[in-house]
2 protein chains.
Amino acid sequence: MPLKRRKNTAPHPSCPLAKCMGLLSGAWTPNIIWYLSQGPRRFSELRADIPTISSKVLSTRLKELEGRGILNRQVMPTSPPSVEYALTPLGGELMPAIEAIVDVSHRLRLKALGLCDEAERATAA
Amino acid sequence: MPLKRRKNTAPHPSCPLAKCMGLLSGAWTPNIIWYLSQGPRRFSELRADIPTISSKVLSTRLKELEGRGILNRQVMPTSPPSVEYALTPLGGELMPAIEAIVDVSHRLRLKALGLCDEAERATAA
DNA sequence: CCGTATCCAACCCGATACTG
DNA sequence: CAGTATCGGGTTGGATACGG
């Protein structure tokens, strides 16, 4: 009984997943966005926030994110020149999504530890 | 005027971004989840859904996602053996996040095309 | 049909060194 | 301080071929 074949999905005309992947591509991209969500931040501050990132990668990601419209770059007129990066409104809208993923991840860990449906089953002894 | 230094962020004790990255790591992971969100799907169907993915990578991702509790794997008792993959409830909760990212991405493209705040500025000749 | 094994090219990122 | 240039290792993923 060879089971009937299902059509290729694509039921909704929307399936631009490539964009999803591209938007947050880069190992540290979500972290950069997360730190900027707490307010504008300078290059060296981000470097300190993410100790293991190299300046090369950080500057690359910042340029990418600026080009995508996720953050703005502003040079401050201070004596040692400094640069501030801040999320755009649209960039800020990524935060709920990132937090949702983190939340699911957290609950998955709880489940993995077996600390979750224990209550449901009411092991009761 | 050397501008006052800001403390290292980390204001909220929660900043497990490494998890966020890990959950959706892999170039095709969001796509796999997206296709499974429309219902259970077999190995070869997913292969057809994502034409450019290799069977090696697909099976690797599926095993990872199963291990993380994002999807379940079930062998169907059909004559040519087939395997169905389906999102777990927790895995399904990733969909809103993925859709949110896709949505932001879409609006960013509109902005990039200059089809957005043109109205605001009312270039007005 | 459902994968696994091997090989290999591309990419990504960190370390280091250097410029304005 | 805010980056850029270069190198080199580690990882990812595609192609292909094979096994259950």
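In what follows, chains carry the letters A, B, and so on, assigned in the order in which the sequence lines appear, proteins first and then strands, with residues in each chain numbered from 1. Computed from a predicted structure; not experimentally measured.
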Backbone of B:R42 reached by a side-chain donor or acceptor of B:E45 within 3.5 Å: yes
For atom CG of A:L58 and atom P of D:dA5, their distance in whole Å: 16 Å
Taking every non-hydrogen atom, the tightest pair across A:V104 and B:L90: CG1-O, 3.7 Å
Those residues that, when tested against B:R73, pass side-chain hydrogen bond (donor to acceptor under 3.5 Å, both in side chains) (two or more places apart): B:Y85
Side chain proximity check, B:R47 to B:S55, heavy atoms < 4.5 angstrom: yes
Length of the line joining B:M76:CE and C:dG3:C1', which is rounded to integer Å: 18 Å
Heavy-atom pair of closest approach, residues A:A27 and A:N31: O-OD1, 4.3 Å
Heavy-atom side-chain proximity of B:L58 to B:W28 below 4.5 angstrom: no
Distance, rounded to the nearest Å, where B:E66 contributes CD and C:dC2 contributes P: 15 Å
Atom-to-atom span, CD of B:Q74 to C1' of C:dG3 - whole angstrom: 18 Å
Donor-acceptor contact below 3.5 Å, side chain A:T60 vs main chain A:K56: yes
Under 4.0 Å protein heavy-atom contact, by nucleotide of nucleotides 6-20 of chain C - B base, S sugar-phosphate only: BB-----BBB-----
Interatomic distance, A:R41 CZ vs D:dC1 P [rounded to whole Å]: 13 Å
Out of C:dG3, D:dT4, D:dG3, whichever nucleotide has its closest atom nearest the side chain of A:K63: D:dT4
Side-chain N,O (B:S44) to OP1/OP2 (C:dC2) below 4.0 Å: yes
Side-chain heavy atoms of A:W34 within contact of A:M95, under 4.5 Å: yes
Pairing string, 5' to 3', for DNA chain D - Watson-Crick or wobble contacts under 3.5 Å, brackets [ ] where pairs cross, | to another strand: ||||||||||||||||||.|
Ion pair A:E66/A:K63, N-O distance below 4.0 Å: no
Per B:R42 side chain, nearest of listed nucleotides C:dT4, D:dG3, C:dC1: C:dC1
Between C:dG3 (C1') and B:R73 (CZ): distance, integer Å: 9 Å
